[in-house]
Amino acid sequence: MTNISANLSDHDLILAIQDGNLDALGEVYTRHRHLVYRTALGICNDPEAAADLLQDVFLRLHRFADRVDPQRPLEPWLYRVTANVSYTWVKRHHRWTRSLEEISEWLSSGMKHSPQLISEQSDESRWIQRALAMLSLPQRVVVVLYYVNDLSLHEIADILDIPEGTVKSRLHYGRQALKQHLGVDVLPVHELSYEVT
């Protein structure tokens, strides 16, 4: 296979990658880069690191393609690897908090409105991101996977290879911590999402 069609399934693309086809890797990258990037950004809270981690995840896919089961959905594997490399990056760099001015452009909140509304939404997004950055890393990973990537508790448990009860606990305490940091009774969770431009 030399040219890869965008109509191929992830299953077929993984088989092609396992055969050494770099065009297939490029198609998988094009198809799944947004979910990998927004997950890494949500966990590490650093756009440059998220971009590096994005590349790292797809290099790992190329390097370990023979270990990827083409019969299973690819997204859980990508989430798992992204969460793991992001977790490692945060622990290595001790990056629990960081100025969030740089990532405000990636915060999706429908910013196609008036300049005043755009400013208010941007301020609210930064406020939420600062609170998110204050969570413990295990809580932040679960909150990002749940709210930013809209994954179920079962999917998160599978991705992180932890019991579903642990996911529920981390999500519960993460929500409580966010409410405390934000000083609110209800979380404005619609703001916990990222877009790649």
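Here the structure is a predicted model, which is why all the values come from computation and not from measurement.
Between W77 and L61, the closest side-chain pair of non-hydrogen atoms falls below 4.5 Å. The side-chain heavy atoms of T39 and S86, taken from C-beta on, include no pair separated by under 4.5 Å. The closest side-chain heavy-atom distance from L137 to Y87 is below 4.5 Å. Contact annotation: the side chain of T82 never approaches that of L35 to less than 4.5 Å [non-hydrogen atoms, C-beta and beyond]. A heavy-atom distance below 4.5 Å is not found between the side chains of H32 and Y37.
Of the inter-residue distances, the one linking I159 atom CD1 with L145 atom CG reads 5.5 Å to the nearest 0.5 angstrom. From R63, atom CZ reaches atom CG of L59 across 9.5 Å, with rounding to the nearest 0.5 Å. Here the CG-OG1 distance, from L13 to T30, works out to 10.0 Å after rounding to the nearest 0.5 Å. Atom NE2 of H62 and atom CG of N21 lie 9.5 Å apart (nearest 0.5 Å). Rounding to the nearest 0.5 Å gives a distance of 8.5 Å between CG of N7 and CD of E27. Rounding to the nearest 0.5 Å places CG of L171 at 6.5 Å from CG of L153.
The backbone N or O of D158 sits less than 3.5 Å from a side-chain atom of R80, completing a donor-acceptor pair. In this structure, E164 contributes its side chain and A157 its backbone to no donor-acceptor pair below 3.5 Å. The closest donor-acceptor contact from the side chain of D69 to the backbone of Q71 lies under 3.5 Å. In this structure a side-chain-to-backbone donor-acceptor pair under 3.5 Å is present from T88 to N84. Using modelled atom types, no side-chain atom of Q139 and backbone atom of S169 make a donor-acceptor pair closer than 3.5 Å.
Contact record, R38 with N149: NE-OD1, 2.7 Å, taken as the closest heavy-atom pair. A pairwise comparison of heavy atoms in P70 and V68 identifies CD-O, 3.1 Å as the closest pair. Across all their heavy atoms, I43 and V144 have their closest contact at N-CG2, 4.2 Å. Residues G42 and R140 approach most closely at O-CD, 3.4 Å, considering heavy atoms. Considering every non-hydrogen atom in both V90 and C44, the closest pair reads CG2-CA, 3.6 Å. Residue V141 comes nearest to A83 through the heavy atom pair CG1-CB, 4.2 Å, listed as atom of the first residue, atom of the second, then distance.
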Point to revise | Test side chain to side chain contact (heavy atoms under 4.5 Å, CB included) applied to F58 and L54, step by step | key: CA-CA 7 Å; F58 286 97; L54 169 67; 3.6 Å; yes
Exercise for review: Please lay out, stage by stage, how Q176 and Q180 fare under the test side chain to side chain contact (heavy atoms under 4.5 Å, CB included).
Suggested key: CA-CA 6 Å; Q176 294 302 105; Q180 182 179 4; over 6 Å; no
**Study point:** From CA spacing to verdict: side chain to side chain contact (heavy atoms under 4.5 Å, CB included), D10, R31
**Key:** CA-CA 9 Å; D10 284 348; R31 191 175 291 180; 2.9 Å; yes
Practice item. Apply the test side chain to side chain contact (heavy atoms under 4.5 Å, CB included) to residues V142 and L160: give CA-CA distance (whole Å), side-chain angles for both, the deciding distance (0.1 Å), then the verdict. Key: CA-CA 9 Å; V142 170; L160 299 178; 3.9 Å; yes
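Judged purely by distance below 3.5 Å, without hydrogens or angles, the side chains of S152 and E155 pair a donor atom with an acceptor atom. D46 and H93 form no side-chain donor-acceptor contact under 3.5 Å, judged by distance and modelled atom types alone. A side-chain donor-acceptor contact under 3.5 Å links R175 and Y147.
Taken together through direct or relayed side-chain contacts under 4.5 Å among Ile, Leu, Val, Met, Phe, Trp and Tyr, L74 and L22 form part of one hydrophobic cluster.
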